[in-house]
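Letters A, B, ... are given to chains in the order of the sequence lines, protein chains preceding strands, and every chain is numbered from 1.
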Number of protein chains: 2
Amino acid sequence: MAAKPSTGGEGAAPGSQTLLRGLAILEAVAAGARDLAGLASALGTTRSTTHRLAAALVEQRYLTFAPRDGYGLGPKLLELGFRAQQAAPVTRVARPHLERLSEACGDTIHLGVLEGDWALYLDKLPGRRRIEISSRVGERQPVWSTGLGKALILDLDEARWRHFHHLGEARGGHDPDLETWLARMRAYAARGIAYDREENEPEVRCVAAPIRDASGAIVAAFSVTSTVQYMDEVRMEDLAGTVREAARAICRDLGWQDLGWQDLGRPAIGWAE
Amino acid sequence: MAAKPSTGGEGAAPGSQTLLRGLAILEAVAAGARDLAGLASALGTTRSTTHRLAAALVEQRYLTFAPRDGYGLGPKLLELGFRAQQAAPVTRVARPHLERLSEACGDTIHLGVLEGDWALYLDKLPGRRRIEISSRVGERQPVWSTGLGKALILDLDEARWRHFHHLGEARGGHDPDLETWLARMRAYAARGIAYDREENEPEVRCVAAPIRDASGAIVAAFSVTSTVQYMDEVRMEDLAGTVREAARAICRDLGWQDLGWQDLGRPAIGWAE
DNA sequence: GAACAAGATCCCAATATATGGGATCAGATG
DNA sequence: CATCTGATCCCATATATTGGGATCTTGTTC
């Protein structure tokens, strides 16, 4: 609907208009655009230009096109997405353990890593409850307000903790004030487990644990999420044990595999900025 | 290494060189290219051009770049890939059932649909065996030689079966001759289960079943794959029952959900050409 | 059953856009 | 400290992209 200027964006790199427009088409389709007209208005280009780019994307299997239904995301994205997921060794290693955990607890499970100032979701296991946790693999979530995010920064010093809390305030986060939040973080760090008792969203609670590689550095984290009706205090305590157990098993797998991380100062996964 | 001509390809659509080059970068990175020089030589462009495109892809989060490690596939691909997978309702619905099946049998499980003349892999569950089945989500496999492919075309008439066998011959397929293959297909169709007794690759066997939606049309299929040492005749017969059971459960879930497929003549998934 | 409508596809001259040679910069290596 | 590898930036040039409109296809209406 909004007509973005051709040479748009914030600090948009020039010299790639065509590529940028092509990617914009991908995202417009992901956002639900089905026909040419929709795409054209979404990026503010003419029908012919849009068609040419879309056709190229279809030909390369990045999009599908069916006369009746219009455009859809194509198999190539499936392939690249899957490869991107596998690129982080954590995902492969953690999967079976998380599946077992999912089977055992029935709640939604997320796996994620720290990407810059954000928590990036690498994997998601839906769980058996009715409720649907609204999150997507590949999405970024704030660090300070999610259980998973907090688990990711458990090892950082207080200066850096303040930084993350500050990021939250900038975005209108009013929830726990700095001191309360820091106190909780200290408690989480001491236990090696992070909770989220409806601090972020009402009704939603979760238990999260960090995953460490052979060097002991936190390279990822996972969380078990549910609504409060399935997550009273007692259950959270129970889960803490189960979760810690799963985390330990994953860490063991990461520590044993000799993929040779020559540079132990950097996270083993490929997403850090 | 091979320098593809800029305006390359077969019936390559013109008017999108920049976009096509950008996508080529994505694939080069997926194929393992890490640095600018590698990318540049992979697509036959100069450093500066390559750098500009790659930088745009990084900025859009389609690639990651870390000074030491070079380029990698980015989170945006993760997101789009995941969305593409979810676009086919079958994946969502089948997942939990396949996970249970995977848990029970320990073998590699694939889920796929028919895309034109190919079997497209939508999902893969690794299994607990040592062996790694070389297949990737998003990849296309021939229909006639894979168990999954055969399960997908169980409902088609013999003319169309011949068509698929013919496609195989064109690509140097010499395995079972037409009549033998047709006879097997008839048997598979009668049982509602397709086998692959090392017909495709030596040592590799699999048991596959079709998945039908509310209209009764085959919209997908899944297969349980393993090496012959885990797959003797007795086990294949056993598995047939388990597999059929899982298929029935998935079909039931597909039949019950009222997502309103107004057009029953077309497959419910979005991948058909 | 024929005219209509909606949408996709194709074509071509004008020009905004991408290109790549080379210069520069960052930081690793000896 | 000099050297090297590899990333980043700049700018005149050529060329690939653009978009207006004509055309074709397919489904809908009267």
Sugar-phosphate only, base, or nothing, as touched by A:T18 at under 4.0 Å among non-hydrogen atoms: sugar-phosphate

Check: A:T45 side chain, D:dG19 base, donor-acceptor under 3.5 Å: no

Euclidean distance, atom CD of residue B:E59 to atom C1' of D:dA7 [Å, nearest integer]: 17 Å

Results of ring-ring contact (aromatic ring centres under 6.0 Å, His included) for A:Y121 - residues two or more places apart only: A:H110

Short side-chain N/O contact from B:R52 to OP1 or OP2 of C:dT19, under 4.0 Å: yes

Partners passing ring-ring contact (aromatic ring centres under 6.0 Å, His included) against B:Y62 (at least two apart in sequence or in another chain): none

N or O in side chain of A:R68 less than 4.0 angstrom from D:dG27 OP1/OP2: no

Contact under 4.0 Å: A:T46 side-chain N or O vs D:dG19 OP1/OP2: yes

First encountered from the 5' end of DNA chain C, between A:L36 and B:T50: A:L36

A:E139 with B:R83: basic N within carboxylate O range, under 4.0 Å: no

Length of the CG-C1' vector between A:L53 and D:dG19, whole Å: 12 Å

Whole-Å distance separating the CD1 atom of B:I25 from the C1' atom of C:dT19: 13 Å

Rounded distance in Å - CZ (B:R34) to P (D:dA7): 12 Å

Spacing between A:L39 atom CG and C:dG7 atom P, to the nearest angstrom: 13 Å

Any A:Q17 side-chain N or O less than 4.0 Å from OP1/OP2 of D:dA16: no

Minimum-distance nucleotide to B:H51 side chain [options: D:dA7, C:dT19, D:dG19]: D:dA7

OP1 or OP2 of C:dG20 under 4.0 Å from side-chain N/O of B:T49: yes

Atom-to-atom span, CZ of B:R47 to C1' of D:dT8 - whole angstrom: 11 Å

Plane angle bin for A:W144 and A:H165 - parallel if under 30°, tilted between 30 and 60°, otherwise perpendicular: perpendicular

Interatomic distance where OH belongs to A:Y71 and P belongs to C:dA8 [whole Å]: 6 Å

For atom CG of A:L20 and atom P of D:dT18, their distance in whole Å: 12 Å

SB check B:R140 B:D117 (cutoff 4.0 Å): no

